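For reference, the structure is listed below as structure tokens.
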Amino acid sequence: MHADTRVVHLRVPVPDSTPLSVPLYQTSSFAFDDPDPLADGLNRPDGPFVYSRFANPTVRALEETVAELEGGTAAIATGSGMGAVSLLLHSLLRAGDHVIAQHTLYGGTHAALRKLADRMNLTVTFVSGHDPEEVRDALTERTRILYLETVANPTGHVSDLPALAPIARRAGVTTVVDNTFATPLLCRPIEHGADVVLHSVTKFLGGHSDVTGGIAVFADDALHREVWAEAVEFGAVPDPFAAWLTLRGLQTLPLRIDRHKGNVARVAGFLAGHPAVERVLWTGSPDHPSHAIASAFVGGFAAPFCFDLAGGHEAGLRFQKGVRVIKLAPSLGGTQTLILHPASSSHRQLDADALRAASIGPGTIRIAVGIEHPDDLITDLDQALSAV
Ligand SMILES: *Cc1c(COP(=O)(O)O)cnc(C)c1O
């Protein structure tokens, strides 16, 4: 089945009935006549439904749908994207282990990894992700995880997953890929050797800025069972209603991604030709440093990207006040176009050197393009740019 068909033909885990919409099982517990199935459900991820921290039918429908979209065997939904990241790091790592990670990581992931490294005596080697030799050289006896993001924020950096994952596999290292920015419609990391794929479903999968959630998809049943046993104690489970909202949003993912892709290309092209814009850093553009690597295994670019205003910090401040249709807000992957000026918001504590290291300039704007009519976005950008 194509993804477009799979996301609207949701399977309902209820015998003898076929509701078209997945019912919301807003219950914490399930009652039994017999103690055996109750005990069984607490011991395995695919047993009877007993207690919603262990399994819930609405959450299960989400897990099965996303696992299939990603080409994995099973999934664990979480209460947020960071819930999925933290669950994975806490489940897989032991004191003294070594992690290889690409140097451009989501801020929350970078912070979680650094804190865990301090507490557990972990060592972390950061690599560019463009060079297999770097990963081969970084491997040690204690390397446990290779951690990558399909398309990184805010630079649009893409690691060479198809070249790196086999190196990790041969060394017995688990490859974890955060696929939030690409979605399974543009890239399926498991097909390129990933063992675990993570999402913040808060972004494209939910898609409507109305739910916070995460998910981890596993290529292999054994690892899924191992992490599930940890997950019931970690406790970062989603509420059934959050899973229900995510399933509702997910049904239009293929339509939305098509529109996002078209809009992103229009907006990036418009910005590249505007005199108030010094540089556009979009992976879809042939002059982006990751363009060639990305083109080999990522089927299009819908993700947020950055551009630099020629007028620097002052222009950045004026631009964010000048937009009318476009909103000043964090997050991405929703229906509405959002901008951020990192130097005065998410990254305001950093000095000029630290900003440069994070590839953020004083006039850098991050734009997450939504699904509005592209002409309205261009008109809004044009009037906001003429005001800077
Ligand atoms: C937003 C995001 C996260 C964290 O997800 P939350 O749902 O906000 O917890 C992790 N990784 C990436 C790439 C993200 O964009």
Side-chain angles (χ1 to χ4, degrees), residues 7 9-70 72-92 108 112 180 196-203 205-218 221 223-251 331:
V7 291
H9 286 266
L10 296 168
R11 283 176 211 129
V12 181
V14 196
D16 307 323
S17 75
T18 314
L20 286 182
S21 160
V22 174
L24 171 57
Y25 281 81
Q26 193 67 29
T27 182
S28 61
S29 310
F30 299 79
F32 290 84
D33 296 327
D34 180 345
D36 289 339
L38 190 157
D40 185 29
L42 296 176
N43 280 328
R44 58 188 174 104
D46 46 0
F49 297 105
V50 178
Y51 186 60
S52 288
R53 178 158 50 78
F54 289 65
N56 172 283
T58 311
V59 177
R60 172 76 56 81
L62 173 63
E63 291 169 338
E64 288 180 354
T65 306
V66 178
E68 204 170 311
L69 289 179
E70 285 287 3
T73 61
I76 300 172
T78 54
S80 69
M82 281 313 300
V85 171
S86 294
L87 168 64
L88 254 292
L89 296 178
H90 283 260
S91 303
L92 297 179
T180 300
V196 186
V197 175
L198 302 178
H199 283 277
S200 166
V201 310
T202 314
K203 315 294 170 51
L205 300 198
H208 294 72
S209 308
D210 57 5
V211 65
T212 299
I215 199 161
V217 179
F218 298 83
D221 265 334
L223 188 59
H224 169 248
R225 270 164 208 276
E226 195 184 313
V227 177
W228 177 81
E230 302 276 336
V232 299
E233 286 152 15
F234 198 75
V237 292
D239 186 77
F241 185 53
W244 187 87
L245 279 173
T246 307
L247 279 166
R248 183 178 162 108
L250 193 59
Q251 295 184 50
S331 202

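In what follows, residues are counted from 1 in the order of the sequence shown. The structure presented is a predicted model; accordingly, all values stated were derived computationally and were not measured.
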My understanding is that only residues two or more places apart in sequence, or in another chain, count here; which of them pass side-chain contact (heavy atoms from CB on, under 4.5 Å) with [X]?
X	answer
His208	Asp210, Thr252, Arg256, Thr335
Ala84	Thr78, Leu198
Pro19	Val12, Ser17, Pro23

How would you list, by chain and number, every residue that makes a side chain to side chain donor-acceptor pair (under 3.5 Å) with [X], sequence neighbours excluded?
X	answer
Thr65	none
Ser52	Asn56
Glu63	none
Glu230	none

* Among residues two or more places apart or on two chains, list those pairs meeting side chain to side chain donor-acceptor pair (under 3.5 Å) that have a residue in residues 36-48. =>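 Residue pairs passing side chain to side chain donor-acceptor pair (under 3.5 Å), neighbours aside: Asp40-Arg44, Arg44-Asp46, Asp46-Arg225.
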Minimum heavy-atom distance between [X] and [Y], given as atom pair plus value:
X	Y	value
Leu247	Ala61	CD1-CB, 3.9 Å
Ala77	Val59	CB-CG1, 3.8 Å
Tyr25	Thr58	N-OG1, 2.8 Å
Pro48	Phe32	CB-CE2, 4.3 Å
Val217	Gly72	CG1-CA, 3.9 Å
Arg60	Ala55	NH2-CB, 3.6 Å

Gap between atom [atom2] of [Y] and atom [atom1] of [X] - 0.5 Å precision:
X	Y	atom1	atom2	answer
Leu38	Asp33	CG	CG	11.0 Å
Leu205	Leu69	CG	CG	8.0 Å
Ile76	Leu62	CD1	CG	12.5 Å
Glu64	Leu10	CD	CG	10.5 Å

* Any side-chain heavy atom of Phe30 within less than 4.5 Å of one from Val50? ->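 They are not in side-chain contact.
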* To do: For the residue pair Val232 and Tyr51, establish whether any side-chain heavy-atom pair is separated by less than 4.5 Å.
  =>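 No, too far: nothing below the 4.5 Å cut-off.
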Test your reading of the model: is there a side-chain donor-acceptor pair from [X] to the backbone of [Y], 3.5 Å cut-off?
X	Y	value
Ser80	Thr212	no
Thr202	Gly213	yes
Ser200	Thr180	no

* Start with the C-alpha gap between Val201 and Leu250, add the side-chain angles, then the distance that decides, and say whether side-chain contact (heavy atoms from CB on, under 4.5 Å) holds. => CA-CA 9 Å; Val201 310; Leu250 193 59; over 6 Å; no
* **Aromatic plane relationship, Phe54 with Trp228 - under 30° parallel, 30 to 60° tilted, over 60° perpendicular** =>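 Perpendicular: the ring planes of Trp228 and Phe54 meet at over 60°.
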Distance-only check: which donor-acceptor pairs under 3.5 Å involve side-chain atoms of residues 235-242, not counting sequence neighbours?
residue	atom	partner	partner atom	Å
Asp239	OD1	Gln26	NE2	3.2
Asp239	OD2	Gln26	NE2	3.0
Asp239	OD2	Phe241	N	3.1

* So Val66 and Val197, side-chain contact (heavy atoms from CB on, under 4.5 Å) or not? Walk me through it. -> CA-CA 10 Å; Val66 178; Val197 175; over 6 Å; no
